[in-house]
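One structure below.
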Amino acid sequence: MMSWIDFFRGKRKEESSASAAKERLQIVLAHERIGRTREDFLPKLQQELVAVVARYVAIDPGKVNVNLDRGGDMSTLAIEIELPAPAAMRMAAGAR
Amino acid sequence: MAQVVVVTSGKGGVGKTTSSAAFATGLAQRGKKTVVIDFDVGLRNLDLIMGVERRVVFDIVNVISGEARLNQALIRDKRVDTLSILPASQTRDKDALTKEGVARIIEELAKDFDYILCDSPAGIEKGALLALYFADQAVVVTNPEVSSVRDSDRILGVLQSRSKRAEEKKDPVKEHLLVTRFDPVRVERGEMLKLEDIQEILSIPLLGVIPESESVLKASNTGTPVIMDAESQAGQAYADAVARFLGEEKPHRFIEAEKKGLFKRLFGGRAA
């Protein structure tokens, strides 16, 4: 309910939060609907990526960070793998 | 020592998730390292209310099943840096949660956080029971409405009999009453249960009263916990409740009907 003075002020705030709600729902639901028809591949993708990297570098699996940003047109997936310092890498290589 | 706090109610739709988001954000804003866990496996919503839905990669079930590490599943809030969110799974069902799995997660979180908030699903089944099992304190969210008060009483009974503290015969879970969607005008008209009535029936200490407010819907629309809207009455009422939770004395606000003068009647809209 707007008071009449809001009408003259041209207040349209409520509308903008509702349109934000719609946009957020459209994005999240589009992704969830895809997810319903096929299995979530992220855990496996991450495991395989870590396995590939581990073939070349001794990494700590605990220092792998997966960041996702789902968008309407495009999503970004950032996988951050912390590589050990050169000294530690040499030691790991020597141990092999 | 980390405190585990469950936000629960029995009944659905009374404002558990809104309150969990606001409370967690409020504790974090005060510098407490806080994590809020969504226990509503299959119907997650805390991510939306917190505005992090686009960033969910892993969830609590992935952690329990060993598919992801806890720190990978935690989402760091971009607005308050002492706040993290652990989302529920959207695709699995409640049986994916196990007591042992949740125990491991809480134990690990307790090393890094001051407060572990558990946003309970509605009902008194597995998800709700696990959300409250490890609690040291409980925030019981109640609307001034008959079925909500009855369900709160029911959940208080469960807290007193089926929580870990109850099972191990330790000090009982500390209970707090949080009345939400309170409308002082309707109370004055005799259409809504009075605060004193709710307190008399449930007889647990009153932590806060959150007035019915348009700002709550606006907050969920935009994914901003309502406590961040410092202008709104609901936001201020949550901030007061958090302060009381941390031991401060704060008088209750927004519990009396505002006397509207002629000017306000003509020019004022509804409470923000």
Side-chain angles (χ1 to χ4, degrees), chain A residues 1-9 11 13-50 60-72 74-82, chain B residues 42-59 61-76 78 87-92 96 108 213-224 226 229 231-232 260 263-272:
Chain A
M1 192 179 73
M2 285 201 302
S3 76
W4 59 266
I5 196 131
D6 290 337
F7 178 78
F8 289 109
R9 281 193 205 129
K11 199 171 161 186
K13 259 190 166 163
E14 257 58 55
E15 240 179 57
S16 72
S17 96
S19 59
K22 186 184 176 192
E23 198 187 313
R24 294 173 61 219
L25 280 170
Q26 281 173 330
I27 292 174
V28 74
L29 293 184
H31 286 275
E32 282 181 9
R33 284 174 187 149
I34 298 168
R36 258 175 245 163
T37 51
R38 61 173 162 73
E39 217 192 327
D40 183 12
F41 61 88
L42 275 173
K44 211 161 167 238
L45 172 70
Q46 188 204 333
Q47 279 168 13
E48 288 175 13
L49 271 168
V50 170
D60 177 354
K63 293 190 171 155
V64 178
N65 266 308
V66 183
N67 292 299
L68 181 67
D69 189 7
R70 294 189 181 87
M74 186 196 76
S75 299
T76 37
L77 176 69
I79 299 176
E80 193 182 286
I81 301 176
E82 198 178 301
Chain B
L43 288 171
R44 81 164 164 234
N45 272 319
L46 181 68
D47 58 332
L48 268 177
I49 301 304
M50 293 295 304
V52 299
E53 74 281 358
R54 291 167 58 158
R55 297 168 56 205
V56 175
V57 184
F58 298 117
D59 55 60
V61 174
N62 293 134
V63 178
I64 288 177
S65 63
E67 291 163 334
R69 283 160 194 263
L70 183 58
N71 62 359
Q72 291 170 340
L74 287 176
I75 301 173
R76 291 277 299 269
K78 286 183 176 166
S89 168
Q90 180 69 331
T91 49
R92 312 286 265 275
E108 206 176 327
S213 163
E214 289 179 1
S215 54
V216 173
L217 180 59
K218 202 195 287 175
S220 73
N221 279 345
T222 56
T224 321
V226 70
D229 184 354
E231 307 274 292
S232 71
K260 274 200 173 181
F263 184 82
K264 256 220 149 139
R265 275 183 220 199
L266 279 175
F267 295 94
R270 285 214 302 224

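Chain naming here is simple, since letters A, B, ... match the order of the sequence lines and numbering starts at 1 in each. In what follows, every heavy atom counts, from backbone to side chain, and hydrogens, waters and symmetry copies are set aside. Bear in mind that the values here come from a model prediction, so they are computed numbers and not experimental data.
- The pair A/Glu48-A/Lys44 meets the salt-bridge criterion, since a charged nitrogen lies less than 4.0 angstrom from a carboxylate oxygen.
- Between A/Thr76 atom OG1 and B/Arg54 atom CZ the span is 8.5 Å, to the nearest 0.5 Å.
- Shortest non-hydrogen contact noted between B/Asp229 and B/Ser215 is OD2-CB, 3.6 Å.
- Only the side chain of A/Gln46 comes within less than 4.5 Å of a heavy atom in chain B; its backbone stays farther off.
- Contact of B/Arg55 with chain A is made through backbone and side chain together, with heavy-atom distances under 4.5 Å.
- The contact between B/Gln90 and chain A is made entirely by side chain atoms (from C-beta outward), counting heavy-atom distances below 4.5 Å.
- For a residue to count as touching a neighbouring chain, one of its non-hydrogen atoms must lie under 4.5 Å from one of that chain's; by this rule B/Val52 does not touch chain A.
- Interface remark: of the candidates A/Ile27, A/Leu25, A/Val66, A/Asn65, A/Val66 forms the most heavy-atom pairs closer than 4.5 Å to chain B.
- Neither the backbone nor the side chain of B/Ile75 comes within contact range of chain A, judged by heavy atoms closer than 4.5 Å.
- To the nearest 0.5 Å, atoms OG (B/Ser232) and CD (B/Glu214) are separated by 11.0 Å.
- Of the two parts of B/Asn62, only the side chain, counted from C-beta on, holds a non-hydrogen atom closer than 4.5 Å to a non-hydrogen atom of chain A.
- No other option in A/Leu77, A/Val28, A/Asp69 has as many heavy-atom pairs under 4.5 Å with chain B as A/Asp69.
- Shown here for B/Ser220 and B/Ile49, the closest heavy-atom pair between the two residues is CB-CD1, 3.6 Å.
- Taking all atoms of both residues into account, the shortest heavy-atom contact from B/Ala73 to B/Pro87 is O-CD, 3.6 Å.
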